[in-house]
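This report concerns only the one structure given below.
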Amino acid sequence: DEEKVPLEKEIEYLQSYVDLQQQKIKKNVQVMVDLQKPNDNYEIEPMLLIPFVENAFKHGTGLIEGATIKVQLKVKNNKLDFYVQNKYDPSSTEVKDKTSGIGLANVKRRLNLLYGNKHNLLIAQKDNWFTVSLQLN
């Protein structure tokens, strides 16, 4: 219900989510996480980053050969750099659920409303990798 939350709290939430997912998937997926807590007290919109991580676990696990998920976050010079990457199978036509594709569209809309030109979001699919790169000023 809060308008903004401490970035440190959001990082703890991301780490808890990743830990929970790792318990569910066991050892079938290589998960690399580097969430660096900032030295200063930054605030961020709540639940802004989690859809990207959820997406990686939703589409980057299962029957994917060499399944890998990478999550990185750091803050430097008042800029947040957030990066999520997962292997995916481009030949898969499986629809994970009936809301597939809505999450990223909603996050894009939210970022535009809340951060305007103070953010940069790049989403790419290349060489069986799905990559999200987000910078917030």
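Residue numbers run from 1 in the order of the sequence given.
With sequence neighbours left out, N128 forms a side chain to side chain donor-acceptor pair (under 3.5 Å) with no residue at all. In this view, Y13 and M47, I50 satisfy the side-chain contact (heavy atoms from CB on, under 4.5 Å) rule, not counting sequence neighbours. Not counting sequence neighbours, K79 has no partner by the salt bridge (Lys or Arg N to Asp or Glu O under 4.0 Å) test. Residues forming a salt bridge (Lys or Arg N to Asp or Glu O under 4.0 Å) with E12 (at least two apart in sequence, or on another chain): K37. In terms of the side chain to side chain donor-acceptor pair (under 3.5 Å) criterion, Q22 has no residue partners (sequence neighbours excluded).
Residues A67 and G60 approach most closely at CB-O, 3.5 Å, considering heavy atoms. Here the closest heavy-atom approach between residue V107 and residue L48 is recorded as CG1-O, 4.1 Å. For L35 against V33, the heavy-atom pair with the smallest separation is CG-CG1, 3.6 Å. The two residues Y88 and K126 have their closest heavy-atom pair at OH-N, 4.5 Å.
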>> Is there a side-chain contact (heavy atoms from CB on, under 4.5 Å) between L122 and V132? Walk through the geometry before answering.
In response: CA-CA 6 Å; L122 298 172; V132 173; over 6 Å; no
> Are E43 and N41 close enough, and set up right, to give a side-chain hydrogen bond (donor to acceptor under 3.5 Å, both in side chains), and what steps lead you there?
Replying inline: CA-CA 7 Å; E43 290 191 328; N41 295 323; over 6 Å; no
>> Run Q23 and D19 through side-chain hydrogen bond (donor to acceptor under 3.5 Å, both in side chains) and show every step you take.
In response: CA-CA 6 Å; Q23 292 296 315; D19 292 345; over 6 Å; no
> Q85 and Y83: side-chain hydrogen bond (donor to acceptor under 3.5 Å, both in side chains), yes or no, with the steps?
Replying inline: CA-CA 7 Å; Q85 187 177 48; Y83 177 83; 3.2 Å; yes
>> What verdict does the side-chain hydrogen bond (donor to acceptor under 3.5 Å, both in side chains) test give for R109 and N106, after you've listed the backbone C-alpha separation in whole Å, the side-chain angles of each residue and the deciding distance to 0.1 Å?
In response: CA-CA 5 Å; R109 189 166 55 245; N106 285 341; 2.6 Å; yes
> Checking side-chain contact (heavy atoms from CB on, under 4.5 Å) for the pair Q36/D34: CA distance, chi angles, key distance, verdict?
Replying inline: CA-CA 6 Å; Q36 299 175 17; D34 182 16; 3.2 Å; yes
>> Before you tell me yes or no, could you show the steps for N137 and L80 under side-chain contact (heavy atoms from CB on, under 4.5 Å), namely the whole-Å CA-CA distance, both residues' side-chain angles and the distance that decides it to 0.1 Å?
In response: CA-CA 6 Å; N137 295 324; L80 179 141; over 6 Å; no
>> Pair E54, Y17 - check side-chain contact (heavy atoms from CB on, under 4.5 Å), show working.
In response: CA-CA 8 Å; E54 288 175 336; Y17 179 83; 3.4 Å; yes
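Around the CG atom of L63, the shell of radius 6.0 Å holds no more than 12 heavy atoms that belong to other residues, nucleotides or ligands.
For the side chain to side chain contact (heavy atoms under 4.5 Å, CB included) with F52, the lone residue among V71, N86, L14, L121 that qualifies is L121. Evaluated for a side chain to side chain contact (heavy atoms under 4.5 Å, CB included) with P38, the options I11, L73, N78 yield exactly one hit, I11.
The list of salt bridge (charged side-chain N to carboxylate O under 4.0 Å, His left out) pairs with a residue in residues 61-76, not counting sequence neighbours, is empty.
Here the CD-CD1 distance, from E8 to I44, works out to 13.0 Å after rounding to the nearest 0.5 Å. The CZ atom of F130 lies 12.0 Å from the CD1 atom of I69; values are rounded to the nearest 0.5 Å. Rounding to the nearest 0.5 Å gives a distance of 8.5 Å between CG of L134 and CG of D81. We find the CG-OG distance between N120 and S133 to be 7.0 Å, quoted to the nearest 0.5 Å. Separating the OG1 atom in T61 from the NZ atom in K87 is a distance of 14.0 Å, to the nearest 0.5 Å. Considering NZ of K4 and CD of E10, their distance stands at 12.0 Å, rounded to 0.5 Å.
Contact check for E45 versus R110: side-chain heavy atoms found under the 4.5 Å cut-off.
A distance-only check finds no donor-acceptor pair linking the side chain of T131 to the backbone of W129 [under 3.5 Å]. Between the side chain of N55 and the backbone N or O of P51 there is no donor-acceptor pair closer than 3.5 Å.
No continuous path of ILVMFWY side-chain contacts below 4.5 Å connects I64 to I25, so the two sit in separate hydrophobic clusters.
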